[in-house]
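Below you'll find the structure, written out as structure tokens, and then a few comments.
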Amino acid sequence: MESNNNLPDKNGFFGEYGGKFVPETLMYALDELENTYNKLKDSNEFKKQFYKDLSEFVGRPSPLYFAERLTKHYGTGSIWLKREDLNHTGAHKINNTIGQILLAKYMGKKRIIAETGAGQHGVATATVAARLGLECHIYMGAEDVQRQSLNVYRIKLLGAKVHSVDSGSATLKDALNEALRDWVTNVDDTYYIIGSVTGPHPYPMIVRDFNSVVGEELIDQSKELFNTMPDAIVACVGGGSNAMGAFYPFININQTRLIGVEAAGNGLQTGEHAAPLNDGSPGVLHGALSYLMQDEAGQVKATKSVSAGLDYPGVGPEHSWLKDSGRAEYVAVDDDEALEAFHQVSELEGIIPALETAHAFAYLETLMKEFDDKSNIIVNVSGRGDKDINTVAEIDGIKI
Amino acid sequence: MNRLTRKLSEIKSNNKKALVGYLVAGDPDIETTVELMKLFSSSGVDIIEIGVPFTDPIAEGPIIQKAHDRALKKDTSLISIFEMIEKYREFDDETPLVLMGYLNTFIYHKKLIENNENNAVDSILVVDIPGELNLGDYGVKSNNINTISLISPTTKKDRVKLIAENSTGFVYYVTLRGVTGSSNLNIDEIKKNIKEIKRHASVPTLAGFGIKSIEDAKLLADCSDGVIIGSSLVQMIEQGSEKKEFDRIGKYISEIKKAIS
């Protein structure tokens, strides 16, 4: 949890992005959280507990693995996979929930709430809540409940309650709305574990810091495995937590290109996608000012992506700042390209990636042409694809 | 002095309590909203609060959320709302009009607010910004528009002072921890907090968010300068929309008015 720049500033802004755009009722809860976090983050006791849990409960560090056949397929450079899919619960999401549940415990909160899209954050939250015996409520869009039924059942098995959200577009953004409404109502005894680097300050900072363990490990592993820093790190971006965790420790390492891949859904030119950094404009949603998919009246647009975890009209404010400052690049791949990569990686590497992660893999098709033999490219394998089997089978016309 | 300030001081000097009625613009459609506004003011509403529909209204309970959705399906935007208000002003140039909504739509229509033709709008309440800030802090200059700020039961004392001093229309005391239309009023806490606010505020303090009945309205009016009725009116609008029968609403408003006088 080292700091690589001085952002966010004291008001929670990364350049012009971020901030605290919430109803007054939540201001004290955000202040309370910020004070607690600032007090704990550098204490040895807290760090010791955090890293102990990551090691013994999550199974960190996750390997950096050489993808031999994928490398051969592209015929240039070396492709390395950061295996976040091997974490307990199957995705990077657990890193953040391990950290935030420690904050919740320290603050004496008895009730945990979270939103989830693909269900991975819901599972990760239900897992850490079960471990501490805390009451847990997960908000999930009705459409996502449908397409991520495996994770819904996992959350229930872990003793948490799933609330299906019918309002609006019945996806991740609406789950977030509902979780915020719960928090406003039960703010005294409830801790809200936001699952991405989104939401009002201090969440984007906290989630980034807890996920930065990924990038920190990458620095050591790169030195060890190929004796230099990578030429590029590629990660998918919905809200942007897995990308931010991998990117953050590299912000001052200029030889490493940071590439975020958004979901282009039916194609960027169709307008039916979930790629605010590629085809959006700054706006305020869920407590932060950031790039946003919105129409000419300032209303938030419906999104489209085969991947529930990327199906979100906003993005973490630090990504907006990284985009404008030019430090990171943001591209987009569409549903078809992601699905193709999903099959390709499964067959070439024996790893079934999450549909979210498949977007990062799909971009290799373009990216690898830009690199020579000596290059080292890291793909952050943010999660495993078990949860997506039904979705993909249905698209392929197979009934399981 | 704009209509809101004038109206509030008039109410105060008559030793009365203000009644604020809320509806969502464009629910069920913009023409009906104009008619409903006329009904509101003729039945005893002193100040009309006009909800500006937004796709993601995080502070609203289910009743008002659905009204936002219905209004958006009718393509209601801040542009059509300003046109609607212009039309309404031809009938009624007295009743103060307050816009209540979410920051993104207001920033998007900055010019519209800055122009505020004929000063038709008197005040704006932005739900999703900290109480001590106003539209000016987000680059929207609106000299002729008052700011209404929210203070909630969880607002810390030092912030109460800051927010109370920032309000130029009235202070909106959120009577509960929750979204609009919830019901867990704690009258003792409300009394105590409003008393604290009134120590710092130079403008009146009105109470809203959880008022479900005429009895609630009476209790809250006793310890504040007035009450805001939202969800129960929006629900009656929903129920009456199909047949455009809104007589019940007029009656309900008159009863509340009587109870708090």
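Here is the naming used below: chain letters follow the sequence lines, and residue numbers restart at 1 for every chain.
Contact of A:Thr25 with chain B is made through backbone and side chain together, with heavy-atom distances under 4.5 Å. With a threshold of 4.5 angstrom between heavy atoms, B:Tyr138 approaches chain A through side-chain atoms but not through N, CA, C or O. Contacts of B:Ser182 with chain A are absent, with no heavy-atom separation under 4.5 Å from either backbone or side chain. When heavy atoms are compared at a cutoff of 4.5 Å, A:Leu285 approaches chain B solely by way of its side chain, counted from C-beta outward. With a 4.5 Å cut-off on non-hydrogen atoms, B:Leu78 does not touch chain A at all. For B:Ile151, the part lying under 4.5 angstrom from a heavy atom of chain A is the backbone only. Neither the backbone nor the side chain of A:Leu289 comes within contact range of chain B; no heavy atom of the residue lies under 4.5 Å from a heavy atom of that chain. Of the two parts of B:Ile163, only the side chain, counted from C-beta on, holds a non-hydrogen atom closer than 4.5 Å to a non-hydrogen atom of chain A. With a 4.5 Å cut-off on non-hydrogen atoms, B:Asp56 touches chain A through its backbone and its side chain both.
Contact check for A:Val22 versus B:Pro130: no side-chain heavy atoms found under the 4.5 Å cut-off. Within the 4.5 Å cutoff, the side chain of B:Arg177 has no heavy atoms near those of the A:Val184 side chain. At a threshold of 4.5 Å between non-hydrogen side-chain atoms, the residues A:Tyr28 and B:Pro153 do not count as touching. Using a 4.5 Å heavy-atom cutoff, the side chains of A:Gln299 and B:Leu72 are in contact. In this structure, the side chains of A:Thr185 and B:Leu176 stay at 4.5 Å or more apart for every pair of heavy atoms.
When each of A:Leu26, A:Leu176, A:Asp188 is scored by its heavy-atom pairs under 4.5 Å with chain B, the top score falls to A:Asp188. Between chain B and the residues A:Gln294, A:Lys301, A:His286, the largest count of heavy-atom pairs under 4.5 Å involves A:Gln294. Interface summary for chain A: among B:Gly61, B:Ser149, B:Pro57, the most heavy-atom pairs under 4.5 angstrom belong to B:Pro57.
Across all non-hydrogen atoms, the minimal contact from B:Tyr108 to A:Ala297 is CD2-C, 4.0 Å.
Remark: A:Glu178 CD to B:Gln65 CD distance equals 5.5 Å, nearest 0.5 Å.
Counting only residues at least two apart or on different chains, the salt bridge (Lys or Arg N to Asp or Glu O under 4.0 Å) pairs with a member in residues 19-31 of chain A are A:Lys20-A:Asp31, A:Lys20-A:Glu34, A:Glu24-B:Arg159.
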